[in-house]
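First the structure, in the form of structure tokens, and then the observations on it.
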Amino acid sequence: QKEVEQNSGPLSVPEGAIASLNCTYSDRGSQSFFWYRQYSGKSPELIMSIYSNGDKEDGRFTAQLNKASQYVSLLIRDSQPSDSATYLCAVNPRAAGNKLTFGGGTRVLVKP
Amino acid sequence: EPEVTQTPSHQVTQMGQEVILRCVPISNHLYFYWYRQILGQKVEFLVSFYNNEISEKSEIFDDQFSVERPDGSNFTLKIRSTKLEDSAMYFCASSYREGTEAFFGQGTRLTVV
């Protein structure tokens, strides 16, 4: 079974600090990787997508992908209380097809 | 900004009843999905739909489930005979191309009593 694993947290981060979230996946053939933010009782909101090895930056967010290690991470710089949410890692296991496999999410708490 | 919209936001139904969850995907998107999330659990894939047919479905998507695109804008999920364990948040999502970003609607909370 194709798995996506995340530390459930909570990850407690002081306001203004960097939050670092990790995700590992089991299907070596995975091609597309996504980070979603989910507030309690709400739907997943897309933050970042990454398709090739290396870093991708978008505002305060940086996604990092290492396919050899089957590892994807998300950095949140200058964390704000509004960043407090559950962050979901999602993987598209194949080049063709669109099924996303989600991790269980990491809960982030940003403390003022 | 374009968004996926879902109706209703909440649905309470009796066990054994049929429910239809409705979604309007983003207008220029070609791929449509249903996911569900049981309270406290992972988001789970149910089905993907492209070119008016199912392109992939999970083990969860058994004979009690069906999807339809009845017109050019709506995408529906029908659950024929609901069970208690069908209680969950159901999310519709859409994407423009294969393997690219999927955008989620706000969800329908289904409660089966």
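Letters A, B, ... are given to chains in the order of the sequence lines, protein chains preceding strands, and every chain is numbered from 1.
If you tally non-hydrogen atom pairs under 4.5 Å between each of Gln6(B), Met89(B), Gln37(B) and chain A, the highest count goes to Gln37(B).
Listed in order of number, the residues of residues 36-66 of chain A that approach chain B to under 4.5 Å between heavy atoms are Tyr36(A), Gln38(A), Gly41(A), Lys42(A), Ser43(A), Pro44(A), Leu46(A), Ser49(A), Tyr51(A).
Taken to the nearest 0.5 Å, the CD atom of Gln6(A) stands 8.5 Å off from the NZ atom of Lys42(B). The NZ atom of Lys99(A) sits 10.5 Å away from atom CD of Glu44(B), with the distance rounded to the nearest 0.5 Å.
Tyr33(B) places no side-chain N or O within donor-acceptor distance of the main-chain N or O of Leu100(A), the cut-off being under 3.5 Å.
No more than 12 heavy-atom neighbours from other residues, nucleotides or ligands sit within 6.0 angstrom of CG on Leu39(B). Within 6.0 Å of the CD atom in Gln14(B), the count of heavy atoms belonging to other residues, nucleotides or ligands does not exceed 12. Taking a 6.0 Å sphere around CG of Asn28(B), one finds it holds more than 12 heavy atoms contributed by other residues, nucleotides or ligands.
Contact annotation for Tyr35(B): only side-chain heavy atoms (C-beta onward) come within less than 4.5 Å of a heavy atom of chain A. Both the backbone and the side chain of Ala102(B) come within less than 4.5 Å of a heavy atom in chain A. Both the backbone and the side chain of Thr100(B) come within less than 4.5 Å of a heavy atom in chain A. There is no contact between Gln41(B) and chain A, counting heavy-atom distances below 4.5 Å. Looking at Ser55(B), there are no atoms closer than 4.5 Å to chain A (heavy atoms on both sides), in backbone or side chain.
With hydrophobic clusters built from ILVMFWY side chains whose heavy atoms lie under 4.5 angstrom apart, Phe75(B) shares a cluster with Leu46(B). Taken together through direct or relayed side-chain contacts under 4.5 Å among Ile, Leu, Val, Met, Phe, Trp and Tyr, Ile26(B) and Phe104(B) form part of one hydrophobic cluster. Hydrophobic cluster membership is shared by Ile79(B) and Phe61(B), with clusters built from Ile, Leu, Val, Met, Phe, Trp and Tyr side chains linked at under 4.5 angstrom. A chain of hydrophobic side-chain contacts below 4.5 Å, direct or via other Ile, Leu, Val, Met, Phe, Trp or Tyr residues, connects Phe91(B) to Phe34(A). Following chains of ILVMFWY side-chain contacts shorter than 4.5 Å, one can reach Trp35(A) starting from Val91(A), so the two form part of one hydrophobic cluster.
Applying the side-chain contact (heavy atoms from CB on, under 4.5 Å) criterion to Ser81(B), with sequence neighbours excluded, gives no partner residue.
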